[in-house]
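One structure is given here, and the rest of the page talks about it.
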Amino acid sequence: QVQLVESGGGSVQAGGSLTLSCVVSGTSNDYYFLGWFRQVPGKEREGVANIHMITRSTNYADSVKGRFTISRDNARSTVYLQMNSLKPEETGTYYCARATNYDRWYDPQSYSYWGQGAQVTVSS
């Protein structure tokens with residue numbers, strides 16, 4: 001079975017950086033997308049970024065372009081989200097998720113498997 005496990009969450013001051021990791025196991029098919037989503041208090045779950053595990057093609061939410069970078073390792077077992085210049089309003093729970101196809105990359109309903117989330121707290 002497919003499992004996704006996030007790590008790397010924590011607390012930082014505004015303007016600081018964190019790198020999240022998502023380890024993927026239990027899948028024999030590398031033709032999929034890995035997305036990062038976040039749940040910020042008072043808001044709907046939103047897509048942050050995603051990456052195609054074969055081509056490394058990426059998508060980013062407009063709000064994080066230039067600050068966040070999504071990448072994968074060469075073994076296609078781990079996906080990273082490097083987050084720079086973090087803002088207090090980005091405090092929330094960050095999830096990695098797997099999708100095989102989608103109409104809209106940022107739509108959570110396109111993703112069938114989810115990790116349990118990593119807490120990110122950005123203090124002012």
Side-chain angles (χ1 to χ4, degrees):
Q1 61 182 14
V2 176
Q3 290 187 320
L4 309 175
V5 180
E6 301 101 334
S7 63
S11 299
V12 296
Q13 296 182 22
S17 299
L18 281 174
T19 298
L20 303 178
S21 299
C22 177
V23 177
V24 184
S25 63
T27 177
S28 60
N29 184 2
D30 290 331
Y31 289 85
Y32 66 90
F33 302 84
L34 197 293
W36 285 99
F37 291 77
R38 64 187 176 193
Q39 188 78 58
V40 174
K43 289 188 173 183
E44 295 289 320
R45 186 173 299 184
E46 65 173 339
V48 177
N50 85 340
I51 186 168
H52 192 284
M53 296 298 281
I54 299 297
T55 68
R56 286 184 161 110
S57 178
T58 60
N59 290 289
Y60 293 95
D62 288 341
S63 62
V64 307
K65 287 180 180 177
R67 296 189 297 120
F68 290 13
T69 302
I70 188 170
S71 62
R72 66 156 174 84
D73 65 359
N74 290 331
R76 297 190 287 267
S77 63
T78 307
V79 174
Y80 306 94
L81 184 68
Q82 174 68 44
M83 304 183 292
N84 297 325
S85 301
L86 282 161
K87 305 173 182 179
E89 59 264 36
E90 294 176 312
T91 291
T93 305
Y94 286 68
Y95 300 89
C96 62
R98 179 185 184 272
T100 55
N101 56 60
Y102 49 72
D103 293 324
R104 300 176 296 274
W105 72 265
Y106 51 84
D107 186 356
Q109 296 188 67
S110 296
Y111 295 76
S112 298
Y113 297 93
W114 293 80
Q116 294 192 23
Q119 180 64 37
V120 172
T121 301
V122 185
S123 62
S124 59

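Sorted by first then second residue, the ring-ring contact (aromatic ring centres under 6.0 Å, His included) pairs that include residues 44-79, not counting sequence neighbours, are F33-H52. A disulfide (SG to SG under 2.5 Å) check over residues 65-117, counting only residues at least two apart or in different chains, returns the pairs C22-C96.
Donor-acceptor pairing under 3.5 Å is recorded for the side chains of Q119 and T93.
One hydrophobic cluster, built from ILVMFWY side chains closer than 4.5 Å, cannot hold both W105 and I70; they sit in different ones. In terms of hydrophobic clustering, with Ile, Leu, Val, Met, Phe, Trp and Tyr side chains grouped at heavy-atom distances under 4.5 Å, F37 and L81 are assigned to different clusters. Y102 and Y106 end up in the same hydrophobic cluster when Ile, Leu, Val, Met, Phe, Trp and Tyr side chains are linked at under 4.5 Å.
Pairing each heavy atom of E6 with each of A118, the nearest pair is CB-CB, 4.0 Å. For N74 against R56, the heavy-atom pair with the smallest separation is OD1-NH2, 2.9 Å. Of all heavy-atom pairs between G47 and A61, the closest is O-CB, 3.4 Å. Contact between R38 and S63 at its shortest, heavy atoms only, is NH2-OG, 3.6 Å. Here the closest heavy-atom approach between residue A14 and residue S124 is recorded as CB-CA, 4.5 Å.
Between V120 and M83 the shortest side-chain heavy-atom distance falls below 4.5 Å. The shortest side-chain heavy-atom distance between R104 and S110 does not fall under the 4.5 Å cut-off. Counting heavy atoms from C-beta outward, V24 and Y113 have side chains that stay 4.5 Å or more apart. At least one side-chain heavy atom of M53 sits less than 4.5 Å from a side-chain heavy atom of L34.
Geometric assessment of R98 against the ring of Y32 yields a positive cation-pi assignment under the 6.0 Å and 45° thresholds.
Annotation: the span from T91 atom OG1 to L86 atom CG amounts to 8.5 Å, rounded to 0.5 Å. Note that CH2 of W36 is 4.5 Å distant from CG of L20, once rounded to the nearest 0.5 Å. Put simply, OH on Y80 and OG1 on T69 are 14.0 Å apart, with the number rounded to the nearest 0.5 Å.
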Report task. Applying side-chain contact (heavy atoms from CB on, under 4.5 Å), run through R76 and I54 and close with a yes or a no. Result -> CA-CA 8 Å; R76 297 190 287 267; I54 299 297; 3.8 Å; yes

Requested in this report: Please step through ring-ring contact (aromatic ring centres under 6.0 Å, His included) for the pair Y111 and Y95, ending with a clear verdict.
Outcome: CA-CA 11 Å; Y111 295 76; Y95 300 89; over 10 Å; no

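In this structure a side-chain-to-backbone donor-acceptor pair under 3.5 Å is missing from Q39 to G92.
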